[in-house]
Amino acid sequence: MTLITSRRGFLAASGTALGAGAVLTVGFSTKGLLAAGTQDVVFNPFVSIAEDGTVTVVVKHFEMGQGTSTGLPTLVAEELDADWDQIAVTFAPSDNARYANLAFGAQGTGGSTAIANSFMQYRQAGAAARAVLVEAAAKTWGLDPAEISVEKGVISGGGKSAGLGDFALAASSLTPPQEPLLKSPEAFTLIGKADLPRKDSRAKTDGSAIFATDLHLPGMVTAVILRAPRFGATLTSFDASGAEGQSGYLGAQALTTGTGVAVFGKDTWSAIQARQAITAEWDFSQAENRDTAQILADHQALLENPQFQTRAEADQQTSEAALAGAAQVVEAEFHFPNLAHTPMEPLCCVIAPTDQGVKIYDGAQFQAITHPTVAAVLGLPPSAVEIETVYAGGSFGRRATPNSDYQAEAAMAFALLGRKTPVKLAWTREDDLTGGYYRPLAVHRAKIGLDGEGAIAGWDHRLAVKPILKGTPFESMLVHNGIDHSSIEGLSDTFYGLPAFSVGLSDGESQVPVLWWRAVGHTHTAYAMEVSLDMAAEAGGQDPVDLRLALLQGEDKDRQRLRGVLQLAAKAADWGTPLPEGKGRGIAVHKSFGSYVAIVAEVARDGDEVAIERIVCAVDCGLAVNPDVIKAQMEGGIGYGISAALREEITLAGGEVEQLNFPDYEILRMGTIGTIEVHIQPSTEAPTGVGEPGLPPSAPALANAIRAAGGPRITVLPMTKSGLFFS
């Protein structure tokens, strides 16, 4: 997609970016003001209307399966009163100044922020477009604007009617209101509609949706990278003689960073086969050479003397004193392994030369980082780099690296090949599992003191985990007083009213590269908190739901909304009704990414065999823009979280990852979970995230259900380490 640098440049690009024949565009100017027009106005468009009535919505958050290409157009179509069938979608060009994520201050997708930060922005764009169309129709027909109505893409008034495209040109010369009138929720016809079809479903079904893996440019070659077998190692030499003469092999060159060898082939298979025939020597002196067991032990040792105290209101001494005077103490140590992201589409992008520089075709998640990174690698000004965002087959955080790792590899390979040939940089599943980024290994230790009546009197919680955000562009925002917030989110800021509660944190050290993984720190903090609470309830003879409700008392809105989903899930799951012997229910509730989710798991246990029969989920994510998307994201997050908890782990032997592909990094089969029910709490609050919040409470709810069914108390993941088999 061409960068929009001038009025004429915008018009030229609109033929492909916004659809041929576009004559009305509405969006926000560089000053944040609403603007409308054709080639005579320079602005950041969100809406384009063509003469044939097609309304193209420019989506600034890329689509990786989470539903942004449906959610953002819904907001525009609602306020524009367009017919859903006339809505088309295109992804925004790389333009950090114009398409910044309002939550990050830079262009990128993540943190379940797409709808939350764009809710008003896209509604205003749609409402502004409607306003100028109505004004244009009123002037043409000699009517008062109040006499004009718009419904399903048809403008009517005074006995006349026309399509949106019929007044697009006339409307383009009008000035839209800076504060357009927005609909009240009771007037919504698309927002909240349960059966609104997704905009990407047809293209993904018939194969017309373009992913980076699908791209093939004329003259393109494929590059794969031979990487070090241990993290932190550097290349000393390589021998490519074994690949010489292989069909399709084009050559191999060392990356300028010393981190690997770029192997080129006429196609992906040729490049992979050639890589297998190349040998290399590595310097392991600065590499990670430990086994996972030793890394775990080193993390455990850090629990004895935490580096940071994260809660000023209750320091470690206060909680220790409360524990010393407790009638009984419940204690557990939790182990969480490194986890891979495993998106279904392995990492891939294409880089090609242009007259000005280069163009990247990518399922681009963080354009604001990729754009300058590629420019720096190639020594180009940022204006010489374009990014065309295409669909991505999943991410779960993996495509959003703070150093744009795979895009930088592509740029290096492109440069090594002479900068004249399009290059597709491809990762295999083995590359993803053995040389990627991971959810960090974490160790928690909870000591909970109970008084004579079984109530919580004190809680000393300690954890050790390698920080994710330190050393990244996000450090200034989310690391304070040495504490990486992603390490302790959902724990130190818990909404439970816990007396004498302290949280001590230590930064784990390892060469294993870590990254945000779907739901980030909440993936381990929610498990430790929710399983610990069940342990306290069991020891104190309390019902797990009653204990949580007691700890969430008060008028604080967060506590109210947590109570709401807790009660909704419990009611929907028939909490408290008797179950046959060998069956059990478990519950967990957690807030993350602005949303509140409670989950009840129901299992049947026969010895060491466990069947997950039912999952009931209640979610409060504010106003439900697309209920079907919300349900899908809750189901996906639950499945992803339970999958990780059951069998998944990345382990090292002598510093080398032992898992290579899905046979030894076993992900969830759909038949493992019986049914998933999702209940959306009605709300008039602003919409919040749904891509990640379903994950954190899923695994602890399952663990608590297994315990309720007479099984073991699971504190070490994956759950199969407890000797369980999941049918």
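Throughout, residue positions are numbered sequentially from 1 according to the sequence presented. Excluded from the calculations below are hydrogen atoms, water molecules and symmetry mates; all remaining heavy atoms, backbone and side chain alike, are included.
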Judged by modelled atom types alone, do [X] and [Y] share a side-chain donor-acceptor pair under 3.5 Å?
{"X": "Q681", "Y": "S683", "result": "no"}
{"X": "T70", "Y": "N626", "result": "no"}
{"X": "T577", "Y": "R585", "result": "yes"}

Any side-chain heavy-atom pair from [X] and [Y] closer than 4.5 angstrom?
{"X": "R563", "Y": "Q553", "result": "yes"}
{"X": "M64", "Y": "T109", "result": "yes"}
{"X": "S492", "Y": "R311", "result": "yes"}
{"X": "V59", "Y": "P73", "result": "yes"}
{"X": "R439", "Y": "F396", "result": "no"}
{"X": "M529", "Y": "L498", "result": "yes"}
{"X": "L702", "Y": "L646", "result": "yes"}
{"X": "K199", "Y": "W84", "result": "yes"}

Could you measure the distance from the CD1 atom of I599 to the CD1 atom of I642? Nearest 0.5 Å is fine. 7.0 Å
Rounded at 0.5 Å granularity, tell me how far OG in S502 sits from CZ in R462. 7.0 Å
Check this for me, if you would: do [X] and [Y] make a salt bridge, where the nitrogen-to-carboxylate-oxygen distance has to be below 4.0 angstrom?
{"X": "K193", "Y": "E78", "value": "no"}
{"X": "E63", "Y": "R198", "value": "yes"}
{"X": "D534", "Y": "R707", "value": "no"}

Would you call the rings of [X] and [Y] parallel, tilted or perpendicular, taking 30° and 60° as the class edges?
{"X": "F91", "Y": "Y391", "result": "perpendicular"}
{"X": "F336", "Y": "H524", "result": "tilted"}
{"X": "W516", "Y": "F366", "result": "tilted"}

Ignoring hydrogens and geometry, is there a side-chain-to-backbone donor-acceptor pair from [X] to [Y] under 3.5 Å?
{"X": "E692", "Y": "A519", "answer": "yes"}
{"X": "D543", "Y": "D546", "answer": "yes"}
{"X": "T525", "Y": "I488", "answer": "no"}

Could you tell me if the ring centre of H485 sits under 6.0 Å from that of H480? no
Counting only heavy atoms not in [X] (residues, nucleotides, ligands), do more than 12 fall under 6.0 Å from its [atom1]?
{"X": "E151", "atom1": "CD", "result": "no"}
{"X": "L102", "atom1": "CG", "result": "yes"}
{"X": "K447", "atom1": "NZ", "result": "no"}
{"X": "R713", "atom1": "CZ", "result": "yes"}

Kindly indicate, with the supporting measurements, whether the criterion salt bridge (Lys or Arg N to Asp or Glu O under 4.0 Å) is fulfilled by E333 and R445. CA-CA 4 Å; E333 186 169 289; R445 183 182 296 159; 2.9 Å; yes
Non-hydrogen atoms of W459 and S532 that approach each other most closely: CZ2-CB, 3.5 Å
Mind listing the side-chain donor-acceptor pairs of residues 613-621 below 3.5 Å, one per line with the distance, residues two or more places apart or on another chain?
from : atom 1 : to   : atom 2 : distance (Å)
E613 : OE1    : K583 : NZ     : 3.0
R614 : NE     : E677 : OE2    : 2.8
R614 : NH2    : A572 : O      : 2.9
R614 : NH2    : E677 : OE1    : 3.3
R614 : NH2    : E677 : OE2    : 3.1
D620 : OD1    : R561 : NH2    : 2.8
D620 : OD1    : G622 : N      : 3.2
D620 : OD2    : R561 : NE     : 2.9

